[in-house]
Structures are given as C-alpha cells and as structure tokens.
Enquirer: 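After the structure tokens below, expect a handful of questions from me.
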Amino acid sequence: MATTRQAHTVWDGDLLSGSGVVTFDSSGIGDFPVSWPSRAEQANGKTSPEELIAGAHSSCFSMALSHGLAGAGTPPTRLETKADVTFQPGEGITGIHLTVEGRVPGLDQEGFQAAAEEAKKNCPVSQALSGTEITLTAKLA
C-alpha cells in the first residue's frame, strides 16, 4: 500500500529578505523557519531545503542498509549515518556525501562496504536524487 506524506511552506516576501516556515503536516513534529540567508550563508537557527534533504537521505539510507544487512543474515546493532548536502548558489545542489559507521557482528569491512554501496544505489531517496552525484564513506565501528 502506498503512503503519502505532507509538508507545506508559507513564504512571506522576496527571496533575499523574505522568510518562511516549513510545517510537517503528516507527523505534526513542528514548524521550522527557513530563509535565503539560512540556505546560502549561516543557518542561524533556521533550516534549509538541503538540510531537509540530508535528513531524508540519511534516514532512508540507514533503513535500506539495515534491511539489506538483516536480509543477508548479518543484522546491524547500530548504524550512524550522516548526509552532507552541498548547495552552491547559482548552481543548485552539487553533491551529497553519505558517511556511515556501523556495528555489524560477523561482517568484515569489505562486506559492509558492499552492503553500503548497494543501499546507496537502492534507497528510494538516492533514486529520487539520481541526477546528483552521491558519494559514500562506510566503515565498521
């Protein structure tokens, strides 16, 4: 069964001096302020589309990797994934780097790297972002 999640943004003003609020409707987890300076300069307590993508990508990748490892008979006890989404004003999102550290009893580094590469290729967010270069660093804890 398909699921649909909703969020919405209310934006006031022009790009450079305006600001907005992103609301996560499906989960109800809250409202998060966003602005051009928080996107192109310093965050200053506000989020950006790139940070939201980083959260989506790191969680999706972790789920995909966990599922793949368990399916191979080596379920992880812990995965910690970071996504760095690079935004260049005037160009857009120029790259995403995933870094994962895992605790996976019974698995060597080579097996972990292979599983991480497979998760990077197959997680739905990676597939949705396939027009962007996605790189990966994977290591066992």
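Worth saying up front: this structure is predicted, and the values here are computed from it rather than measured.
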Enquirer: In this structure, are over 12 heavy atoms from other groups packed under 6.0 Å from Q127 atom CD?
Expert: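 Buried by this count: over 12 neighbours within 6.0 Å.
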
Enquirer: Should we say atom NE2 of H67 is surrounded by more than 12 heavy atoms from elsewhere, each under 6.0 Å from it?
Expert: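 Counting other residues, nucleotides and ligands, NE2 of H67 stays at 12 neighbours or fewer.
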
Enquirer: Once you round to the nearest 0.5 Å, how far does CD of Q113 lie from CG of D108?
Expert: 11.0 Å

Enquirer: Considering all heavy atoms of both residues, which atom of G106 and which atom of T74 are nearest to each other, and what is their separation?
Expert: O-CG2, 4.1 Å

Enquirer: For a quick check under 3.5 Å, do T81 and S62 share a side-chain donor-acceptor pair by atom type?
Expert: yes

Enquirer: How about CD on Q42, more than 12 heavy atoms from neighbouring residues, nucleotides or ligands closer than 6.0 Å, or not?
Expert: no

Enquirer: About how many Å separate CG of L69 and CD of E118, when rounded to the nearest 0.5 Å?
Expert: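 Here the rounded value is 11.0 Å.
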
Enquirer: Does this structure show an ion pair linking E80 with R78, if we count only N-O contacts that are shorter than 4.0 Å?
Expert: yes

Enquirer: Would you kindly say whether S38 and N44 are connected by a side-chain donor-acceptor distance under 3.5 Å?
Expert: no

Enquirer: Is the backbone of I134 close enough, under 3.5 Å, to the side chain of K120 for a donor and an acceptor to pair up by distance?
Expert: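 Side chain of K120 to backbone of I134: a pair is present.
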
Enquirer: CD/E51 to CZ/F32 distance, rounded to the nearest 0.5 angstrom?
Expert: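 The CZ atom of F32 is 9.0 Å from CD of E51, to the nearest 0.5 Å.
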
Enquirer: I'd like to know if the side chain of T23 reaches the main chain of D25, judged simply by a donor and an acceptor atom lying under 3.5 Å from each other, with no hydrogens or angles considered.
Expert: no

Enquirer: From H57 NE2 over to L129 CG, what is the distance, rounded to the nearest 0.5 angstrom?
Expert: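 One gets 6.0 Å once the value is rounded to the nearest 0.5 Å.
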
Enquirer: For the atom pair CD (E117) and CG (N122), what is the distance rounded to the nearest 0.5 Å?
Expert: 11.0 Å

Enquirer: Distance alone, cut at 3.5 Å: any donor-acceptor contact between the side chains of T94 and Q88?
Expert: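 There is no such pair between these side chains.
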
Enquirer: First locate atom CD of E50, then atom CG of D84, and finally report the distance between them rounded to the nearest 0.5 Å.
Expert: 12.5 Å

